[in-house]
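Just follow the structure's listing: the first ligand is 1, and inside any ligand the first atom is 1.
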Amino acid sequence: MEGSGRPTQHEGAAQQDTSLTRRGVLGIFGAAGAGALVSTFTGPPGVGPVSLVSEAAPEVLVQRGSGWVGAALSRIDGPLKVRGMARFAAEFALDDMVYAALVFSTIAKGRIATLDTGAAEAAPGFVLVMTHRNAPRMQPMVPFGPNEKAAGNDNLPIMQDDRVRWNGQPIAVVLAETQEQADHAASLIRVTYEAEPATTSFAQAKANGTEGAVYFHHEIGDAEAELAAAAVSVDATYRTPYQNHNAIEPHAVTVAWHGDELVVHDASQSVVHNAWSLAHILGIEERQVHVTSPYVGGAFGGKFMGSHQVLAAAAARLAGRPVRLTLSREGVYRMVGGRALTEQRMAIGARRDGRFDAIIHTGTATHTRDSPHPEAFPFVSLSAYATGSLKTDLQWAFLDQVANAAMRAPGEAVGSFALESAVDEVAVALGMDPIELRIRNEPKTDPLNGAEFSSRNVVKAWRDGAERFGWAKRNPIPGAVRKGEWLVGMGCGTASHIYNRENGGAARLTLTSDGTVTVDIATHDAGMGTETAQTQIIAENLALHPDQVEFRLADSAMPGLVAGRGSSQTTTVAATVVEAKKMLVAELLTLIRADSPLAGLTAQQVGPRNAGLAKLDDPTRHETYTAILTRAKRDKVTVEASPDEPTEMNERSMHSYGAMFCEVRVNAVTGETRVSRMLGSMDCGRVINPKTAASQFRGGMIMAMGLALTEHTHYDERTGRIMNPSLAEYHIPVHLDVPEIDVIWTGIPDPHAPMGARGIGELSVTGTAAAIANAIYNATGKRIRELPITLDKLM
Ligand code: MOS
């Protein structure tokens with residue numbers, strides 16, 4: 001790489017000419033993007049979406065004026081990423097920058113008694129050590145809650161006192177000239193503690209007394225009595241372990257003070273929230289903090305506001321130099337929570353014909369005081385099935401540990417394991433096909449409140465999926481199919497995830513006389529394809545080619561309060577873009593001159609067409625954007641738009657759904673499970689980009705493989721210490737573990753969602769773990785109700 005003039009993955013981007021914008025990249029690779037137009041695409045009938053490519057030239061596409069929504073456009077940021085030119089948070093090399101290393105507490109609760117930094121200060125390259133003794137005075141973190149810009153996972157002070165509140169809490173930041181020197185100096189710090197009794201075991205936490213989460217307590221009818229009287233019932237305990245975030249990019253931040261202004265290169269799914277949070281915590285004005293985060297190597301709920309950004313900013317202020325702070329993989333485990341531990345009672349009572357008379361989903365999850373993220377597993381049972389009676393309840397057992405974080409479909413991922421396993425158990429007890437049992441209990445309206453579903457086609461998803469997966473070939477008798485040493489089984493489960501649209505959507509749209517448009521929204525792309533999908537939505541709405549659209553995001557100076565969370569960004573931004581289109585059309589009409597073909601027309605009579613505006617019922621009356629602006633002697637037109645409040649969520653029951661299928665092989669000798677086939681048959685409204693959507697679905701299903709089979713944070717209940725904070729001992733699925741994953745969808749647009757699209761980011765991590773567990777039951781006859789399903793549980 002040296003001397004080649006090409007950037008290296010790590011540092012090169014910092015020196016790279018940034019004039020190569022994303023739009024420029026799309027231009028270079030435009031042929032691939034344009035060729036991918038499939039305007040009538042409604043789901044991959046027989047092949048993967050990638051191959052659904054037409055060869056139409058870009059001009060033809062512009063002539064049509066629309067059709068980009070639904071096209072399998074390749075990722076706009078892809079070329080930059082594969083060439084190492086996408087600069088991530090830890091790749092900003094600033095002048096005079098120093099590197100940070102953290103020291104973590106090794107007790108769960110108590111006080112720091114002695115803290116000896118002498119050896120560290122004498123180490124080579126040492127610059128500064130920050131502890132509670134010299135850290136600037138700061139406000140505590142503000143957790144998600146009533147303040148709409150708060151995005152912390154706890155409300156704790158950050159390095160403000162000698163108290164230790166969890167095992168792994170950062171207690172010192174060491175700055176040095178290189179990362180290696182910082183790591184070495186940090187290793188020389190000696191700490192002693194006055195430990196206090198801490199609650200670090202689940203049993204102790206339960207014995208201390210749990211508290212109910214009011215929002216998740218529901219009772220319809222007398223579910224206990226209905227269960228007792230049911231002809232067939234299942235009543236069992238399902239357990240899921242602690243799990244941790246393992247995004248490919250560990251958390252990182254590079255910060256610099258320019259006088260009283262703080263510039264933050266972050267890895268974040270909440271840039272505006274983080275700017276507000278940093279300002280609040282540091283005691284400065286929001287406008288003094290500028291957070292950007294254009295590229296994020298996975299977030300999944302783990303990259304909202306954290307204490308590492310605060311520590312970096314405070315240490316940079318003390319040192320008077322820019323600071324790069326990257327969490328080690330271990331650091332992510334110590335400082336960022338994950339899924340809570342759950343112990344769920346799941347009970348279903350059914351009639352002989354399969355209809356459910358009782359669903360009970362109650363139990364306990366670990367929690368910390370003042371954490372805003374409940375692991376709300378019963379949530380998934382509220383809207384799933386028609387039932388005569390329903391009871392849900394969530395109890396919190398409080399521990400002294402790092403606050404758990406949101407982690408891809410929090411609550412629903414682990415709750416659907418219990419629910420969809422139990423449905424399978426009922427099917428076995430009834431001798432009924434589990435898909436038919438689900439369809440028999442399909443609700444006509446939301447079981448909780450009788451609300452209409454906005455669009456629910458999960459039965460079609462089941463029928464289409466069963467056909468495609470070859471479900472009819474499944475032998476319902478457990479353990480009946482054997483190939484050599486391998487027991488083969490099939491299983492399924494329903495995926496569901498609630499629809500969300502954020503209230504803070506806002507965008508600035510600038511149309512330039514060269515016919516290009518720039519849209520600024522402080523939204524995020526943590527690898528989901530936000531930028532690509534939104535470029536398509538803008539192109540479609542303004543009748544432009546994607547090459548004429550630049551979508552800029554993840555900058556706290558931009559409009560919008562849109563965290564990348566809750567599978568809500570696509571709908572939030574789509575609603576904003578639709579509103580911006582209306583404003584733009586109105587604005588352009590004020591510029592129309594008497595000699596224009598559009599003269600005399602009203603906003604109701606015209607719409608975007610072919611890179612300009614046209615009369616809706618007479619497209620020959622057309623003028624390009626360039627012509628309109630040129631005649632009016634304007635370089636550009638800018639509008640700022642905010643959509644209406646997301647009332648659709650209150651008026652109807654809105655969810656995305658999926659029918660998840662899995663085939664496993666379980667080794668009869670070793671107990672090892674191998675997933676051999678998976679299919680996700682999704683019902684998520686309109687799919688904006690089949691390529692990025694399919695990747696989202698596959699990613700969720702792979703994450704669910706980890707949930708089902710391998711992921712397990714080993715938490716030492718004596719000390720509160722995480723024992724396996726590394727990818728060597730915390731096992732996530734790797735390429736060799738992952739089979740071909742097939743994905744289809746109903747493609748039925750939701751009439752009540754912007755652009756007809758519901759959320760997809762979290763959907764497929766639900767239902768899938770149960771599908772795997774149910775397949776293992778079908779293969780072996782062993783019902784494992786505790787994740788992960790490791791070979792010791794099968795032997
Ligand atoms: Mo998500 S778990 O709302 O990032």
Peer 1: Could you list the atoms of ligand 1 found under 4.0 angstrom from a heavy atom of P410?
Peer 2: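 Per the distance check, 2 (S).
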
Peer 1: Assess the pair H373 and F144: is the distance between their ring centroids shorter than 6.0 Å?
Peer 2: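 So the answer is yes for these two rings.
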
Peer 1: For atom 3 (O) of ligand 1, which protein heavy atom lies nearest, and how many Å away is it?
Peer 2: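 The protein heavy atom lying closest is G566 N, 2.7 Å.
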
Peer 1: Looking just at side-chain N and O atoms, do K691 and S74 make a donor-acceptor pair shorter than 3.5 Å?
Peer 2: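 Per modelled atom types, K691 and S74 side chains form a pair under 3.5 Å.
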
Peer 1: Answer with yes or no whether G564 contacts ligand 1, where contact means a heavy atom under 4.0 Å from a ligand atom.
Peer 2: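 Distance cut 4.0 Å: G564 passes for ligand 1.
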
Peer 1: Taking atom types as modelled, find out whether Q395 and T210 have a side-chain donor-acceptor pair closer than 3.5 angstrom.
Peer 2: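 Looking only at side-chain atoms, T210 and Q395 do form a donor-acceptor pair, the distance falling under 3.5 Å.
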
Peer 1: Using distance alone, with no hydrogens and no angle criterion, decide if D266 and Q309 have a side-chain donor and acceptor under 3.5 Å apart.
Peer 2: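 Yes, side-chain donor-acceptor contact under 3.5 Å.
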
Peer 1: Between ligand 1 and G301, is the shortest N or O to N or O distance under 3.5 Å?
Peer 2: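 G301 vs ligand 1: N/O contact under 3.5 Å present.
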
Peer 1: Considering only heavy atoms of E762, which atoms of ligand 1 have at least one such atom less than 4.0 Å away?
Peer 2: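 With E762 as reference, the close atoms of ligand 1 come out as 1 (Mo), 2 (S), 3 (O).
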
Peer 1: Please find out if less than 6.0 Å separates the ring center of H655 from that of Y499.
Peer 2: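 No.
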
Peer 1: Please verify whether a non-hydrogen atom of A299 lies at under 4.0 Å from ligand 1.
Peer 2: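 It does not, in that no heavy atom of A299 comes within the 4.0 Å cut-off of ligand 1.
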
Peer 1: Picking from N244, T713, N246, what satisfies side chain to side chain donor-acceptor pair (under 3.5 Å) with Y333?
Peer 2: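 The passing option is N246.
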
Peer 1: Quick check on contacts: which atoms of ligand 1 are under 4.0 angstrom from a heavy atom of M407?
Peer 2: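 In order of number, 2 (S).
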
Peer 1: Is a salt bridge present between R501 and E645, judged by a nitrogen-to-oxygen distance below 4.0 Å?
Peer 2: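 The answer is no: the pair does not qualify as a salt bridge.
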
Peer 1: Once you restrict to heavy atoms under 4.0 Å, what part of Q269 touches ligand 1? Side chain, backbone, both or neither.
Peer 2: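 Near ligand 1, Q269 shows its side chain, while the N, CA, C and O stay back.
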
Peer 1: K303: heavy atom below 4.0 Å from ligand 1, yes or no?
Peer 2: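 Contact absent.
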
Peer 1: Just jot down the ligand 1 atoms closer than 4.0 angstrom to any heavy atom of R408, in number order.
Peer 2: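 The list of qualifying atoms is 2 (S).
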
